[in-house]
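For reference, positions follow the sequence shown, starting with 1.
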Amino acid sequence: MQHLDKLYKKHDIAWFTPVELFKPWYAYAIAASILRTANLSVPLKIYEIGGGSGTCAKCILDYMMLNAPPKVYNDMKYISVEISSYLAEKQLETVGEVQSHLSKFSVEHRDATYRSGWGRKDPHPCWVLMLEVLDNLPHDLVYSPDQVSPWMEVWIEKINGSSQASEVYKPLQDPLISRCVEITGMNEDKASVSEKLAFAAKGVLSKVLPKPRRAWLPTGCLKLMDTLHQALPSMSLIASDFSYLPDVSIPGDRAPLVSSKKDGKTSDHCNYLDAQGDADIFFPTDFRLLEQIDHHCSGFSKEQKNPGAFKPVKKRRTIILDTAAFMEEFGLPLKTRTKDGYNPLLEDFKNTKFYLSVPTHNRK
């Protein structure tokens with residue numbers, strides 16, 4: 001803990017990602033999971049979205065060089081999709097520490113959510129990695145004044161031209177927000193009989209004790225997953241992120257932790273409107289909702305389009321694992337264990353999970 005404290009003060013950043021703290025072992029576990037399940041009869045192709053300083057890319061390439069059959073390493077391609085020009089250069093520098101990696105590695109400086117950047121649809125198998133990406137993607141806030149009123153979009157408007165801002169509520173009109181509301185089942189239009197009875201009870205209660213509702217919707221995640229499924233329909237996906245965040249004081253389901261750091265000290269904001277300028281914004285990832293979004297974007301629908309037709313079949317096989325379970329399955333936890341048996345990789349990141357999603361054979 002003292003060592004970590006020194007690191008944070010030295011670099012003056014809010015937090016280090018696990019892949020940086022536990023290099024190379026964290027990335028080695030991801031590489032092992034790919035090597036164990038990939039179809040090695042075709043060249044291995046890995047995309048990483050938001051690759052930071054390039055630590056994950058270098059460690060995975062190291063692992064493949066040391067552990068994969070030579071042909072797999074020699075023929076593989078590792079493409080980093082990076083929105084920051086500074087980090088794009090940093091990644092080339094990090095990976096370039098091993099000369100032979102450079103012929104396999106490339107950086108595409110662009111926004112991964114834009115479909116045009118991916119070019120033509122690629123039907124071939126590939127891997128997509130997203131480590132601590134979802135917590136930084138845009139979210140939209142929706143609001144309802146009580147337990148039964150329709151959800152409304154929250155807009156931000158400046159007060160009389162000043163720097164201060166306030167919320168304004170408008171009917172749902174953004175297509176991404178509307179789709180998110182539909183996927184989450186927040187609209188009660190298609191509710192079952194028992195749900196409708198509960199909804200009626202809420203209606204009575206809302207008149208006596210109205211309770212405003214707020215929810216943060218992962219619209220940025222929905223846009224990204226849409227793009228990935230359109231561009232790479234045969235992708236296998238590995239995502240890791242925070243499943244919950246401690247001490248969040250901002251109201252609403254899936255509310256973010258908003259903090260500022262100065263002189264090595266972090267202070268949290270109680271209101272996201274206060275966080276103008278230089279602030280870190282972390283959203284927790286609802287992994288069940290991520291799974292629903294993944295299935296939705298792959299073209300799966302729970303509803304039967306034709307009466308009497310076959311039940312819709314999912315096109316993705318998915319699993320959600322605690323980080324400790326993932327590391328014990330694919331990694332080398334002994335490498336991060338301290339002398340007294342304590343293991344920070346397994347015990348300090350209990351609020352993080354892995355999401356694995358691979359295509360099934362149920363495809364048209």
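Residues Pro284 and Tyr244 approach most closely at CB-CA, 4.0 Å, considering heavy atoms. When every heavy atom of Leu290 is checked against every heavy atom of Thr285, the shortest pair comes out as CD2-CG2, 4.4 Å. Shortest non-hydrogen contact noted between Arg254 and Pro218 is NE-CD, 4.3 Å. Summarising the geometry of Pro18 relative to Tyr26, their closest heavy-atom pair is CB-CE1, 3.4 Å, with the distance given to 0.1 Å. Residues Glu347 and Tyr342 come closest through the heavy atom pair OE1-CD1, 3.5 Å.
Remark: Lys121 engages no residue in a salt bridge (charged side-chain N to carboxylate O under 4.0 Å, His left out) (not counting sequence neighbours). Glu108 pairs by the side chain to side chain donor-acceptor pair (under 3.5 Å) definition with Arg110, not counting sequence neighbours. Residues passing the side chain to side chain donor-acceptor pair (under 3.5 Å) test with Asp174, sequence neighbours excluded: none. The salt bridge (charged side-chain N to carboxylate O under 4.0 Å, His left out) check on Asp111 picks up nothing, with sequence neighbours excluded.
Remark: Lys90 engages Glu93 in a salt bridge, criterion side-chain N to carboxylate O under 4.0 Å.
Under 3.5 Å, the side chains of Gln91 and Ser80 contain a donor-acceptor pair of N or O atoms.
Hydrophobic clustering of Ile, Leu, Val, Met, Phe, Trp and Tyr side chains at less than 4.5 Å, counting indirect connections, keeps Leu289 apart from Leu217. Hydrophobic clustering of Ile, Leu, Val, Met, Phe, Trp and Tyr side chains at less than 4.5 Å, counting indirect connections, unites Trp216 with Val154.
Within the model, atoms CG of Leu102 and OG of Ser100 stand 8.0 Å from one another, a figure rounded to the nearest 0.5 Å. The CG atom of Leu245 sits 7.5 Å away from atom CG of Asp135, with the distance rounded to the nearest 0.5 Å. Note that the CE atom of Met327 and the CD1 atom of Ile30 stand 6.0 Å from one another [nearest 0.5 Å]. Distance check, rounded to the nearest 0.5 Å: CE of Met225 to CG of Leu237 gives 5.0 Å. In this structure, CZ on Phe326 lies 14.0 Å from OH on Tyr355, to the nearest 0.5 angstrom.
Under the 3.5 Å distance criterion, the side-chain polar atoms of Ser144 are left unmatched by any main-chain donor or acceptor of Arg213. Proximity of a side-chain donor or acceptor of Glu328 to a complementary backbone N or O of Pro333 within less than 3.5 Å is not detected. No side-chain donor-acceptor contact under 3.5 Å links Ser240 to the backbone of Lys353. With hydrogens and angles ignored, the 3.5 Å screen pairs no side-chain donor or acceptor of Asp294 with any backbone N or O of Ser357. Asp146 places a side-chain N or O within donor-acceptor distance of the main-chain N or O of Ser149, the cut-off being under 3.5 Å. Listed for the His229 side chain is no donor-acceptor partner under 3.5 Å among the backbone atoms of Thr227.
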Would Phe354 and Phe330 count as a ring pair (Phe, Tyr, Trp, His ring centres under 6.0 Å) if you check the C-alpha gap in whole Å, the side-chain angles of each, and the deciding distance to 0.1 Å?
CA-CA 12 Å; Phe354 270 82; Phe330 298 109; 8.8 Å; no
Pair Thr94-Ser53, side-chain hydrogen bond (donor to acceptor under 3.5 Å, both in side chains): steps then yes or no
CA-CA 7 Å; Thr94 302; Ser53 63; 5.0 Å; no
Could you go through Ser259 and Asp280, starting from their C-alpha distance and side-chain angles, then the distance that decides it, and tell me whether this counts as side-chain hydrogen bond (donor to acceptor under 3.5 Å, both in side chains)?
CA-CA 5 Å; Ser259 60; Asp280 287 303; 4.8 Å; no
Residues Glu291, Thr318; criterion side-chain hydrogen bond (donor to acceptor under 3.5 Å, both in side chains); working and verdict:
CA-CA 7 Å; Glu291 186 177 46; Thr318 61; 2.5 Å; yes
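Contact of the Leu176 side chain with the Asp140 side chain is not registered, since no non-hydrogen atoms from C-beta on lie closer than 4.5 Å.
More than 12 heavy atoms of other residues, nucleotides or ligands shown are found within 6.0 angstrom of CD on Gln173. Environment of CZ in Arg115: crowded, with over 12 heavy atoms of neighbouring residues, nucleotides or ligands closer than 6.0 Å.
Within the structure, the ring-ring contact (aromatic ring centres under 6.0 Å, His included) test picks out the following pairs touching residues 152-172 (sequence neighbours left out): Tyr143-Tyr169. Residue pairs meeting the ring-ring contact (aromatic ring centres under 6.0 Å, His included) criterion with at least one member in residues 109-128, sequence neighbours excluded, are Tyr47-Trp118.
Residue Pro256 is tested with Ile250, Val248, Leu141 for a side-chain contact (heavy atoms from CB on, under 4.5 Å); the sole match is Ile250.
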